[in-house]
Amino acid sequence: MAKTVHGFSKFTKLEKVNWLVSAFFNDDVKVKQILMQYWNSNPLLQDLHDDFIENTISNYYLPYGIAPNFVINGKEYAIPMTIEESSVVAAASLVAKFWSTRGGFKAEVISTTKIGQIHFMYEGDEVELQNYVASKKEDFFRVTEDITKNMCKRGGGILNIELRNKTSELKNYYQLHVTFETVDSMGANFINSCLEAIASEFKKEEIQIVMCILSNYVPDCLVRAEVSCKVDDLYAENSEELAQKFIQAIQIANAEPHRAVTHNKGIMNGVDAVVMATGNDFRAIEAGAHAYASRSGKYKSLTNATIEDGIFKFWIEIPLALGTVGGLTSLHPLSKLSLKLLGNPSAKELMEIIAVAGLAQNFAALRALTTTGIQKGHMKMHLTNIIKQLGASEEEKSFLINYFENKTVTHNAVVEAYNKLVENK
């Protein structure tokens, strides 16, 4: 069968599966079984999932876990996390318990401004362009009234429209830089609709509009989270020495981009897991966070730490454009459940919770790296995955978990122990 197809989007889901299995898997019935076993038995729920994207043939499950014992601004939380990587939820839970007895996490939203841009080319006189933009500003707000009406009722809307000269970066390139407040909505569709309405009013013969689009770099949609305690309360022994190593680890991330990328990836383990659990856009969050980490011209850590007067302080500042209404947050049953679990937070409160999750993950990683090493805890968590890959029975699984209780876990070591166990039966 040919591996190209016409009219695929018009096929039923089963027809799509049959074509795929025939064209790419030589009619392997097991492939069809794998795809269909993940279909939800509730047809209404399955239809809901089928409509999230195009050409749906199955569902892809990720674990949905809970990290309990978080205390944020004096309020207790169990934080939902959706992620495939072992040890992330365990690390978050341990850190939450640790800081719950040391005052908990403090968090605050610094600003919530989001950005959209109309990119255009213009070869004429800049002063004339400035005068034209100034003369049209009232019209820009007028033509977006129908779009912004409901948002304005909630306290949001268009904040400002600014002409920016970018000709030093690209010949004849200018932009209308538009700032927005979108309250509890992430606001992507709202922002893009406003931009297109403004662009339609703005265009004329001398102005070549290239595109209108929101920006996922939102340095003014910023949240800060922190923890602090006496240095002596950080570790059971060698507190001062280990606290200094902790700070040096961050300094190294600021000095060395290769380390900074991995450092920040660990932060995003916590951030993305909660972003996904609440139905938000983790790709946008990732892009914006990494751009923010590069704002000085060099890629650096998103977290910082100090020791002053015997007090250890550890904090993060991160841009997070999030929503608690609209999009998948209002459609996916688990996303809605996640928000309910968190007390139906506002977008600002969700920013604080997610920043805390990222800070907790980074604390766990740095504490492990500067003491026992990262692999000890991670590979213990990974042990069960290796055992499953080997197809071990419940009895064999129990034996191997006990066997590696006080031993270093590596893939080769587990395989060797399993093979010996099988041979001796």
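Along the sequence shown, the residues carry numbers beginning at 1.
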Contact between [X] and [Y] at the side-chain level, heavy atoms closer than 4.5 Å - yes or no?
X      : Y      : result
Thr113 : Cys221 : no
Lys348 : Thr112 : yes
Leu242 : Leu234 : no
Val231 : Ser239 : yes
Glu201 : Lys136 : yes
Glu286 : Val275 : no
Glu123 : Asn172 : yes
Ile158 : Ile198 : yes

Picking from Tyr77, Trp315, Phe70, Phe314, what satisfies side chain to side chain contact (heavy atoms under 4.5 Å, CB included) with Phe105?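 Only one option passes, and that is Phe70.
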Pair [X] + [Y], salt bridge at N-O below 4.0 Å:
X      : Y      : result
Asp28  : Lys30  : no
Lys245 : Glu241 : no
Glu352 : Lys106 : no
Glu395 : Lys397 : no

For Phe312, is the NZ or CZ atom of Lys230 found under 6.0 angstrom from the centre of its six-membered ring and inside 45 degrees of the ring axis?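 No, Lys230 does not lie over the aromatic ring of Phe312.
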Would Lys204 and Tyr132 count as a cation-pi pair here, with the cationic atom under 6.0 angstrom from the ring centre and within 45° of the axis?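 The answer is yes, since Lys204 meets both limits relative to Tyr132.
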Ring centers of Tyr61, Tyr38 separated by less than 6.0 Å: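 When the ring centroids of Tyr61 and Tyr38 are compared, they turn out to be within the sub-6.0 Å range.
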Per the side chain to side chain donor-acceptor pair (under 3.5 Å) rule, what does the pair list look like for residues 316-329, sequence neighbours excluded?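 Of all non-adjacent pairs touching residues 316-329, those that pass side chain to side chain donor-acceptor pair (under 3.5 Å) are Arg224-Glu317.
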Might you confirm whether atom [atom1] of [X] has over 12 heavy atoms from other residues, nucleotides or ligands at distances under 6.0 Å?
X      : atom1 : value
Gln37  : CD    : yes
Asn160 : CG    : yes
Lys97  : NZ    : no
Glu76  : CD    : no
Asn344 : CG    : yes

Can you confirm whether the side chains of [X] and [Y] place a donor and an acceptor under 3.5 Å from each other?
X      : Y      : value
Asp50  : Gln46  : yes
Tyr122 : Thr167 : no
Tyr174 : His119 : no
Ser9   : Glu54  : no
Thr306 : Lys313 : no
His263 : Thr303 : yes
Tyr173 : Gln175 : yes
Gln117 : His177 : yes

[atom1]/[X] to [atom2]/[Y] distance, rounded to the nearest 0.5 angstrom?
X      : Y      : atom1 : atom2 : value
Ile147 : Cys194 : CD1   : SG    : 4.5 Å
Ser301 : Leu366 : OG    : CG    : 7.5 Å
Ile250 : Arg259 : CD1   : CZ    : 10.0 Å
His290 : Ile285 : NE2   : CD1   : 11.0 Å
His332 : Leu48  : NE2   : CG    : 7.5 Å
Met151 : Thr182 : CE    : OG1   : 5.5 Å

Please work out whether the ring planes of Phe52 and His49 are parallel, tilted or perpendicular, with thresholds of 30° and 60°.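 Phe52 vs His49 ring planes: tilted.
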When you measure from the side chain of [X] to the backbone of [Y], do you find a donor-acceptor pair of N or O atoms at a distance under 3.5 Å?
X      : Y      : answer
Asn280 : Gly323 : yes
Ser346 : Glu349 : yes
Arg102 : Phe98  : yes
Arg295 : Tyr292 : yes
Lys137 : Ile161 : yes

Are Met276 and Ile83 close enough, and set up right, to give a side chain to side chain contact (heavy atoms under 4.5 Å, CB included), and what steps lead you there? CA-CA 8 Å; Met276 289 186 67; Ile83 192 167; over 6 Å; no
Go through the steps for Ile386 and Tyr418 under the test side chain to side chain contact (heavy atoms under 4.5 Å, CB included), then give the verdict. CA-CA 10 Å; Ile386 300 172; Tyr418 173 73; over 6 Å; no
Before you tell me yes or no, could you show the steps for Ile353 and Ile72 under side chain to side chain contact (heavy atoms under 4.5 Å, CB included), namely the whole-Å CA-CA distance, both residues' side-chain angles and the distance that decides it to 0.1 Å? CA-CA 7 Å; Ile353 292 165; Ile72 304 172; 4.1 Å; yes
State, to 0.1 Å, how close Thr82 and Tyr64 come at their nearest heavy-atom pair, and which atoms those are.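 So the minimum-distance heavy-atom pair works out to OG1-CD1, 3.4 Å.
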Phe363 and Phe246: CA distance, side-chain angles, deciding distance, ring-ring contact (aromatic ring centres under 6.0 Å, His included) verdict: CA-CA 9 Å; Phe363 180 83; Phe246 192 106; 5.5 Å; yes
Applying side chain to side chain contact (heavy atoms under 4.5 Å, CB included), run through Phe25 and Lys32 and close with a yes or a no. CA-CA 9 Å; Phe25 295 99; Lys32 186 173 180 178; over 6 Å; no
Start with the C-alpha distance between Lys265 and Glu85, add both sets of side-chain angles, then the distance that settles salt bridge (Lys or Arg N to Asp or Glu O under 4.0 Å), and finish with yes or no. CA-CA 12 Å; Lys265 184 268 180 186; Glu85 185 172 335; 2.8 Å; yes
